[in-house]
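This report refers to the structure that appears directly beneath it.
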Amino acid sequence: MSTHAPQAAQAVTLPTTLDEAVAALTAMPAAVPVAGGTDLMAAVNSGQLRPAALVGLGRISEIRGWQYLDGHALLGAGLTHARMGRPDFAALIPALAASARAAGPPHIRNAGTLGGNIASAAPTGDALPVLAALEATLVVAGPDGGRREVPVSHLLAGMDLLRPGELIGYVRVPLLHAPQVFLKATGRTGPGRAVASVALVLDPARRGVRCAVGAIAPMPLRPLEAEQWVAQLIDWDNNRAIVPEALTAFGEYVAAACIPDAAPEEDGTVPPLPPAVLHLRRTVAALARRALGRALS
């Protein structure tokens, strides 16, 4: 997995249950959990990380599937992108399946996991804006069989971090049974890291729209005012109709909320944004406009 030999880990533990993995991490505070290893090995190979011990999660079968629970899907943190990209999962949570299929080349999708995408919290993580838009909740496993739930947005924002010995076990996602879309722009043709991404879901029961923008900030951004504004323009009783002009306005509203104008100078003038930032804003506007159009079509 590397073209040079990194320092070998002192210990490797391969638990078969989530509680065994937590116990191993509790007994070895310096240990690093590893599932797919797509981010971990990149850090090791670049010399940024030299783990003293590893706790492998690949043998924990309980976190590699999903189940239905009270109108939610309880997704195991060990689900790979390849597994989430399959048609049966796409019928369950279409936007998350779309983000999984866009996560990179086959060897990354086959190894990378949902839990790893969340725990690494890389701004370009494709699953993150989808989970933010779905308002997903993490089920965190702790010592002595403890379990607690944390909104995924709280973890990504650093409001509620994982404690020593804790692991992300599951992701609880509400099943909306409504259109949802994930789109992303990359710097090149084909699979690649997102320059910007947008996840959008409709919530007909609440007559709401939820949108999250990824890759342009350390965590996904929710343009709440834009969501509320456009939800009022949708004719929820008439095939969710909306005037075409509202789509363009929504895209611009989202982009301006996520990439605001520069602060005014002392004389009150507003300096122009750099060309690269203006291009990124236009990209976000286009993604948001297309995402809403596809969800309503």
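Here, residue 1 is the first one in the sequence, and each next residue gets the next number. Heavy atoms only: backbone and side chains are in, while hydrogens, waters and symmetry mates are out. Just so it is clear, the structure is predicted and the values come from calculations on it, not from any experiment.
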Between the CG atom in Leu221 and the CD1 atom in Ile259, the distance rounded to the nearest 0.5 Å is 8.5 Å
Return the minimal non-hydrogen interatomic distance between Ala262 and Leu273, and the atom names on each side. N-CD2, 3.7 Å
What's the shortest heavy-atom distance between Leu233 and Ile242, and which atoms? O-CG1, 4.0 Å
Step by step, work out the side chain to side chain contact (heavy atoms under 4.5 Å, CB included) result for Leu176 and Arg210. CA-CA 12 Å; Leu176 300 178; Arg210 299 209 292 271; 3.8 Å; yes
Just verifying a value: how many Å separate Leu131 CG and Ile93 CD1, rounded to the nearest 0.5 Å? 8.5 Å
Output every pair passing salt bridge (charged side-chain N to carboxylate O under 4.0 Å, His left out) with a member in residues 258-269, not counting sequence neighbours, ordered by first then second residue. Asp261-Arg281
Side chains of Cys211 and Val198 in contact at under 4.5 Å (non-hydrogen atoms): yes
Tell me the closest heavy-atom pair linking Ala212 and Pro220, and the distance in Å. CB-CB, 4.5 Å
Starting at CG of Leu202, measure out to CD of Gln180 and round the result to the nearest 0.5 Å. 9.0 Å
Can you name the residues that form a side chain to side chain donor-acceptor pair (under 3.5 Å) with Asp160, not counting sequence neighbours? Arg148
Hydrophobic cluster partners of Leu25 (side-chain heavy atoms under 4.5 Å): Leu18, Val22, Met28, Val55, Leu57, Ile60, Ile63, Leu69, Leu74, Val139, Leu167, Tyr170
Less than 4.5 Å apart, any side-chain heavy atom of Leu96 and any of Ser99? yes
Pairwise side-chain hydrogen bond (donor to acceptor under 3.5 Å, both in side chains) hits with a residue in residues 118-133, at least two apart: Asp39-Ser120, Thr124-Arg193, Asp126-Lys184
Under the side chain to side chain donor-acceptor pair (under 3.5 Å) rule, collect the residues that match up with Asp88, sequence neighbours excluded. Arg83
Sort and list the pairs that fulfil salt bridge (charged side-chain N to carboxylate O under 4.0 Å, His left out) and have at least one residue in residues 232-251, not counting sequence neighbours. Arg207-Asp237
Considering all heavy atoms of both residues, which atom of Thr80 and which atom of Ala111 are nearest to each other, and what is their separation? CG2-O, 4.3 Å
Pairs in or reaching into residues 11-33: which pass salt bridge (charged side-chain N to carboxylate O under 4.0 Å, His left out), with residues at least two apart or in two chains? Asp19-Arg147
Those residues that, when tested against Ala185, pass side chain to side chain contact (heavy atoms under 4.5 Å, CB included) (two or more places apart): Thr283, Leu287
Nearest 0.5 Å, please: how far is CG in Leu280 from CZ in Arg282? 10.0 Å
Of all residues at least two apart in sequence or in a different chain, which pass the side chain to side chain donor-acceptor pair (under 3.5 Å) check with Glu149? Arg172
Does anything in residues 128-144 pair up under side-chain hydrogen bond (donor to acceptor under 3.5 Å, both in side chains), and if so which pairs, sequence neighbours excluded? Glu135-Arg222
Could you check if a side-chain atom of Val173 sits within less than 4.5 angstrom of a side-chain atom of Trp66, using non-hydrogen atoms only? no
Side-chain donor or acceptor of Arg109 paired with backbone N/O of Ala82 under 3.5 Å: no
The reported gap from CZ in Arg86 to NE2 in His81 (rounded to nearest 0.5 angstrom) is 14.0 Å
Between CG of Asn239 and OG of Ser297, what distance do you get to the nearest 0.5 Å? 11.5 Å
Which pairs count as ring pair (Phe, Tyr, Trp, His ring centres under 6.0 Å) when at least one residue sits in residues 215-265, sequence neighbours excluded? Trp229-Tyr253
For residues 103-139, which residue pairs pass the ring pair (Phe, Tyr, Trp, His ring centres under 6.0 Å) check, not counting sequence neighbours? none
